[in-house]
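To start, the structure under review is shown below, and the notes come after it.
None of the values given here were measured: they were computed from a predicted structure. Sequence lines set the chain letters: A, B, ... in the order given, protein chains first and strands last, and positions in each chain run from 1.
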Amino acid sequence: MLLRMSTLFLRTLREDPADAEVPSHKLLVRAGLVRRAAPGIYSWLPLGKIVLENVAQVVREEMNRMGAQEVLFPALLPRESYEATGRWTEYGDTLFRLKDRKGADYLLGPTHEEMFTLMVKGEYGSYKDYPVILYQIQTKYRDEARPRAGILRGREFIMKDSYSFDLDDEGLKHSYELHREAYIKTFDRLGLDYKIVFATSGAMGGSASEEFLAPCPTGEDTFVQCTSCDYAANTEAVVLAAPTPAATSKEVPDVKVLDTPQTPTIETLVAYMNEHHGLSITAADTLKNVVLKTRKPGEDWELLVVGVPGDREVDLDRLEGQLEPIEVDQADPEDLAKHPGLVRGYIGPQGRAGTADGGHLAELGIRYLVDPLVTPGSAWVTGANEQDRHAAYVVRGRDFEPDGEIGAVNVREGDRCGRCGSTLTISRGIEIGHIFQLGRKYADAFSLDALGPDARPVRITMGSYGIGVSRAVAVIAEQSHDERGLVWPREIAPADVHIVGTGKDNQIEVALDLAARLEARGLRVLVDDRAGVSPGVKFNDAELLGVPTALVVGRGLAQGVVELRDRKAGTKDEIPLAEAVDRVIAACAS
RNA sequence: CGGGGUGUGGCGCAGCUUGGCAGCGCGUCUGCUUUGGGAGCAGAAGGCCGCAGGUUCAAAUCCUGUCACCCCGACCA
C-alpha cells in the first residue's frame, strides 16, 4: 500500500472542532479520519476507513482463530422476529423503526439475536451439528436519547456480534471461555488498556456476564476494583462485603418509640435524636426504608420496600441489574396513597411492640428487602410508622425479619470487597466488549431444538458476545495520543511508515523512491510528496496523524543522511540514506 | 423529558447591548519569492447572517413563532 499525500483525500484541521469535547473526537476529526454527518452519525474518510478496517481485521482474525464463522445479516429487518421475543416493544424508542411502501414495519437492527437464532434453526436440526459459533461485523443502529462524544457513543456504529449455540450448559461455558480468550487476544493486539469486570446482563437477559472496560475518565460506565485481589465489577453488579455482625440482640434495649416532630429526612432525624433524646448517632445508624415498585413483564406494578443505612442512597440501576427482567422504579405519591399504612418519611419494618414475627410491612402485604449492610442482629433507628415518631433499638431478627437481602446501596469509594474484604476503588470506563451467557431465552422464543441421539429434542442454549469495532477506534485514540496528536499502535495505524519529503531540491523525488522501495518490501507507506508545503506543516501533520514510524528526507540529504523518527518515543536518529530501507523495515518489525 | 448554551463563507470566531455598505483569523485560487517546525508579498473567489412572520425609511442586530445543533442531567448497550 502506498498513499501519496499530494493526492490523498485528506484535509487536516488546525483547530479543534467546536462541537468536540473528548480527545478522541477532537483528534479523529482534526486528523481527517471522520466527519460528522448527523448527530451520532459519522462518515469515514480514507485514513479513517483504513484504521477502522485494521481494527475489524484484528477482530476477524481472532474470531476465526477460535473457530467462529463469519456471516452477514441485513441491517434492515422485518418486524416479525422482534415481535416474537417482545423486543419490538421492549426496546422502546431506542429502536429505529420504519415502514416500507406498503406500510409494513421494519427496523434497523440494534443487535441480532433473533436473526441468528432463526438462521440456525433454519439450517441445523441434529445434535451432531452442534456446537456452532457465528459472527458478523456489521453496522448497528440505536436511536440513543443523547449520542455524545463523537465516535464513542453514536446512533450508527460498527459492531462485531457473535452468538454461540450449544447443546448444554457445559458447552455454553466452553463457548464463553473461547470468547473470553479471543477477546483478551484481540484487545491486547489493539494495544488497549482494559479491565474485565463482572456485569449484569442488561436488556439481553441471561446469566453469567463480563464486560471489557477501557478505563477512561470520560467513560460512561462506573466500576469498582479491589485494591488487593483481582476482583472488578460494574457498580451495577458489585457484591460488597457485609460488615462484621453487630452485637447480639440481647445487649440492645427493647424498641423505644420516640417523638421526633418535623423530622422527615435523615439529617433532621439525626440532629433531633442527638439533641432531644440523648443519643449519639450518625446517618449510618438509621435505617432508611425506600418505597419502590417492581413490575414483571406483562404484569402490574407491585410495591417493594428496600431498607438501607441512612447514609446511603438506593442505586436503582444496581437493583434493576439483579432483578432483570423485572423493572424497578421509584414509587409515586399515588402509589403510596394506596397504602395508608405507609407513613411517608416515617416508615419502619418492625411490628407492633413485642411482636417479633411479621412486622409492619408484612402486615401490609408489602415485600421488604434489605441491603446486606443491614446485617442480622444489627440495631437501628428507623421510622415508627406514625407521623413525627421514630423507633430506636430496632433489631433485625428480633424486631423485624426482611423477606430477603439484595445489594441495593450506591457503591462508594472505600467500600469493602465481597471477595477478600479489602478496600474498593471506583473508576470510570468505556465498554469495548461484553460477553454473556444468554441461556435459552431466544431458543425458547423460537423453539430452537436439536434432535438428540435418543430422537428427543434438546433445547439449544446460547451465548451472545459483542465488540464495538468503531468504538474501539475511538477508545484507542482516547488512550493513545499526546499533545501533538494521535499515536497509533502499529497494527492499527493507517500506515507503517510516514515518509516526509521536506520539499527542497530532490527531496521529494528521493522520498518517493524510498516509498516505492519500502512498499515493494511489503510495508504500508504514506508519503508526504506535497509541493510548496512548508516543512513545519508536514511535520505537524505527521505527528497529528500518528503513524508510528516516520522517515524525514530533508536537509541532511545533501550529506546522504535521512532522519528516522519514532512517534511514540519521540526519538530522532540520523541514518545514512543507503541504510534507510533496512532501518525502516527493522523499526517496523519491532 | 428537565436545565444551560449556540446558530454569521469550508473550519474557528467577532459584530447584536445602542438598527445604518457583513467583518477577522485559518483554509481555498492566481503570480512571484521561500522550504527543518503551522512562510512572505501582491491580487482574487466565496455568505439568503438557521427558517418564517412582524416592527421600521432601514434588521445579522429589536419583537413573535419555529427548527436545528451542542453541553449537563434523566434514559440507554
Side-chain angles (χ1 to χ4, degrees), chain A residues 10-22 25-26 29-30 32 35-41 87 90-95 109-113 140-150 152-157 159 161 199-206 209 211-213 218-221 234 236 316-317 320-321 324 327-330 429-436 464-468 470-471 484-485 500-508 511 528 530-544 550 552-558 561-563 565 572 574:
Chain A
L10 170 73
R11 192 101 315 157
T12 57
L13 302 181
R14 196 175 288 212
E15 293 173 276
D16 286 333
D19 58 357
E21 295 286 318
V22 301
H25 189 189
K26 290 178 183 172
V29 173
R30 275 190 59 205
R35 290 288 183 261
R36 198 189 77 109
I41 303 178
R87 291 211 292 187
E90 254 176 46
Y91 238 98
D93 292 335
T94 305
L95 199 62
T111 172
H112 279 68
E113 278 79 3
K140 299 284 189 252
Y141 297 86
R142 293 181 193 172
D143 193 1
E144 300 285 349
R146 194 157 85 80
R148 68 190 88 184
L152 277 179
R153 186 177 191 76
R155 297 194 294 167
E156 175 183 289
F157 55 97
M159 177 163 138
D161 51 328
T200 55
S201 47
M204 310 293 174
S209 167
E211 283 173 355
F212 290 71
L213 293 184
T218 54
E220 296 181 88
D221 283 84
N234 192 300
E236 292 174 24
L316 280 179
D317 288 337
E320 209 147 44
E324 194 79 35
E327 283 179 81
V328 184
D329 204 355
Q330 209 93 42
I430 302 166
E431 184 186 352
I432 49 176
H434 194 167
I435 53 178
F436 56 92
S464 162
Y465 319 86
I467 289 179
S470 47
R471 176 181 280 183
R484 294 181 163 278
V500 175
T502 52
K504 209 178 175 184
D505 306 325
N506 62 338
Q507 289 162 351
I508 289 179
D528 195 341
R530 290 175 294 177
V533 175
S534 73
V537 171
K538 293 188 175 184
F539 292 148
N540 280 308
D541 275 349
E543 280 148 2
L544 177 60
V552 181
V553 181
R555 66 182 169 200
L557 187 62
V561 174
V562 292
E563 189 178 285
R565 294 185 178 185
K572 306 177 183 180
E574 300 260 297

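Distance CG (A/N506) to C1' (B/U35): 14 Å, rounded to an integer number of Å. If you take CD1 of A/I508 and P of B/G36, they are 12 Å apart, rounded to a whole angstrom. Nucleotide B/C11 holds its P atom 13 Å from the NE2 atom of A/H25, rounded to whole Å. Atoms CD (A/E15) and P (B/C13) sit 8 Å apart, rounded to a whole Å.
Among the atoms of the strands shown, none is found under 4.0 Å from any heavy atom of A/R530. Contacts of A/E21 with the nucleic acid, taken as non-hydrogen atoms under 4.0 Å apart, involve only primed sugar atoms and P, OP1 or OP2. As judged by a 4.0 angstrom heavy-atom cut-off over every strand, A/D221 is placed among the base-contacting residues. Among the protein residues, A/A18 comes within range of the sugar-phosphate backbone only, with heavy atoms under 4.0 Å from sugar or phosphate atoms but none that close to a base. Across all strands, A/N540 comes closer than 4.0 Å to base atoms (heavy-atom distances).
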Carefully, step by step, assess A/L152 and A/R471 under the rule side chain to side chain contact (heavy atoms under 4.5 Å, CB included).
CA-CA 5 Å; A/L152 277 179; A/R471 176 181 280 183; 4.2 Å; yes
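Taking atom C1' on both B/C16 and B/C29, the two are 33 Å apart, rounded to the nearest angstrom. Separating the C1' atom of B/G65 from that of B/A22 is a span of 26 Å, rounded to the nearest Å.
You won't find any donor-acceptor pair under 3.5 Å spanning the side chain of A/E543 and the base of B/G38, going by distance alone.
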In dot-bracket notation, what is the pairing pattern of RNA chain B, taking Watson-Crick (N1-N3 plus N6-O4 or O6-N4) and G-U wobble (N1-O2 and O6-N3) contacts under 3.5 Å, with [ ] crossing and | for other strands?
(((((((..((((......[..)))).((((((.....)))))).....(((((..]....))))))))))))....
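For the OP1/OP2 pair of B/C72 and a distance below 4.0 Å, the side-chain nitrogens and oxygens of A/R146 include at least one atom meeting the criterion. Within the 4.0 Å cut-off from OP1 or OP2 of B/C70, at least one side-chain nitrogen or oxygen of A/R36 is found. Residue A/R11 places none of its side-chain N or O atoms closer than 4.0 Å to OP1 or OP2 of B/C11.
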